[in-house]
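Order of the sequence lines fixes the chain letters, A, B, ..., with proteins taken first and strands second; residue numbering starts at 1 for each chain. As the structure is a prediction and not an experimental result, all values here were calculated from the model.
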There are 2 protein chains.
Amino acid sequence: MIRTKLESRLVGARKNLPKGAKAVLEALQKAPGMLSARDLSFRMKLSHHTKEEQSKSPGLTTIYRSLELLTRQGLVQAVSFGDQEKRYEVVEPGCHNHHLVCKSCKKSIKLRECLLASLEETIKRDYGFSVSEHLLELFGTCQSCELGTNLDNTDRR
Amino acid sequence: MIRTKLESRLVGARKNLPKGAKAVLEALQKAPGMLSARDLSFRMKLSHHTKEEQSKSPGLTTIYRSLELLTRQGLVQAVSFGDQEKRYEVVEPGCHNHHLVCKSCKKSIKLRECLLASLEETIKRDYGFSVSEHLLELFGTCQSCELGTNLDNTDRR
DNA sequence: TCATAACTGAAAACGGTTTCCATTTTCTCT
DNA sequence: AGAGAAAATGGAAACCGTTTTCAGTTATGA
């Protein structure tokens, strides 16, 4: 069977990811929240133990490339908070999340559903505009920070 | 009367803006849409005619500082589309806008009202989270691009 | 008018991301 | 298994928007 690598990826999807991308996906799955590329690189190095092993974890370039690939495949979502740095998280294939980001403890809560899905037809009606993508992140204070009961200072984005 | 410059700014608000900030605000008011800092710098230079005058238009540093000041005062809004570059636009003091950004003609339409205002109490109820800020931009295709009737190619962001 | 605070701009630093390019790994077909 | 092609990789450099630094200028208030 003649089939380019690109083609088999489209068929096999996440089965035949390059080694680097697999490693990135795994690291991202283990992570407690969203990670920047640099965070990822750091965590992946730590998860190896000997110095030799550490040198085996993918370089930043590969991490960026893998994130791009995984994002294209819909396995990972890039999240932008309006600052320079993008964060990444694993998603249900093809789905996306929005977040409540606590400005105090920096933790983020995933919204259980996309608030905009229903609004997009209203927009089509009112503005004649077909929405295909959107950016939505909410910032504020989470319950435990508001009540002062939050004892966990982990900066867990 | 003893009053620091900072204090009088808080009182006089937009009256006694520094020269650079005034110029930036004016340029932003004249602009057809959102402008990046670099766009602004470019346009401000063009709006002066002789070489000598051009050298009088504020440098990039001052532009960034002015934008920061104007944003703090609520006269200008920084808009993030999830890419590197921030764009700025004049707003009704203290208000904010969201946009429908056409991926084809790059023009953006201001939403007539904030779609989230009503949702924020739902969020408080469902998640115990108090939203104080949010990021919302919508991307897709505007009516004239969809119908193929858009003859205007101006990249007017 | 003098002293101080505010403002400005050029250049350098910065931080996240992308590109370049030479090397290594993996795949595919015999 | 082996040869040749395609894909993947990593370090260094480039990039790009933004911020900082610092020295000089301008405005303000007593």
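The existence of a salt bridge linking Arg38(B) and Glu85(B) is excluded, since no basic side-chain nitrogen approaches an acidic carboxylate oxygen closer than 4.0 Å. Ionic pairing of Glu146(B) and Lys124(A) is present here: one or more N-O contacts between side-chain nitrogen and carboxylate oxygen are shorter than 4.0 angstrom. Look at Glu68(A) and Arg72(A) and you find a salt bridge, because one of the NZ, NE, NH1 or NH2 atoms lies within 4.0 Å of a carboxylate O, short of that distance.
Rounding to whole angstrom units, CE of residue Met44(B) and C1' of dT8(C) are separated by 13 Å. For the pair Leu67(A) CG and dT17(C) C1', the computed distance is 11 Å after rounding to whole Å. Straight-line distance from the CG atom of Leu17(B) to the P atom of dC7(C): 10 Å, rounded to whole Å. Rounded to an integer number of Å, the gap from Lys56(B) NZ to dG9(C) P is 13 Å. To the nearest angstrom, C1' of dT17(C) lies 14 Å from CG of Leu40(A). Look at CD1 on Ile63(A): it is 14 Å from C1' on dA8(D), rounded to the nearest Å. Glu68(A) places its CD atom 16 Å from the C1' atom of dG16(C), with the value rounded to the nearest Å. Distance, Leu69(A) CG to dT9(D) C1': 14 Å, rounded to whole Å.
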What pairs of nitrogen or oxygen atoms, one from the protein and one from nucleotides 21-23 of chain D, lie under 3.5 Å apart?
none

Between the protein and nucleotides 14-18 of chain D, which nitrogen or oxygen pairs are less than 3.5 angstrom apart?
residue : atom : partner  : partner atom : Å
dT18(D) : OP1  : Lys86(B) : N            : 3.0
dT18(D) : OP2  : Tyr64(B) : OH           : 2.5
dT18(D) : O5'  : Tyr64(B) : OH           : 3.3

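For the residue pair Phe129(A) and Cys142(B), the shortest heavy atom distance occurs at CD1-CA, 3.6 Å.
Grouping the Ile, Leu, Val, Met, Phe, Trp and Tyr side chains by contacts below 4.5 angstrom, directly or via other members, places Ile109(B) apart from Val101(B).
No more than 12 heavy atoms of other residues, nucleotides or ligands lie within 6.0 Å of NZ in Lys19(B), so this atom counts as exposed by the packing criterion.
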Margin query: Before you tell me yes or no, could you show the steps for Met44(B) and Val24(B) under side-chain contact (heavy atoms from CB on, under 4.5 Å), namely the whole-Å CA-CA distance, both residues' side-chain angles and the distance that decides it to 0.1 Å?
Written below: CA-CA 8 Å; Met44(B) 291 174 81; Val24(B) 167; 4.2 Å; yes

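Between its opening and closing five pairs, the helix from dT1(C)-dA30(D) to dT30(C)-dA1(D) changes axis direction by 30°, a value rounded to 10 degrees.
Remark: side-chain polar atoms of Glu137(A) are paired, donor with acceptor, to backbone N or O of His99(A) under 3.5 angstrom.
Applying the side chain to side chain contact (heavy atoms under 4.5 Å, CB included) criterion to Ala37(A), with sequence neighbours excluded, gives Leu60(A), Ile63(A), Tyr64(A), Leu67(A). Annotation: side chain to side chain donor-acceptor pair (under 3.5 Å) contacts of Ser80(A) (sequence neighbours excluded): none. Judged as a side chain to side chain donor-acceptor pair (under 3.5 Å), and not counting sequence neighbours, the contacts of Glu120(B) are His134(B).
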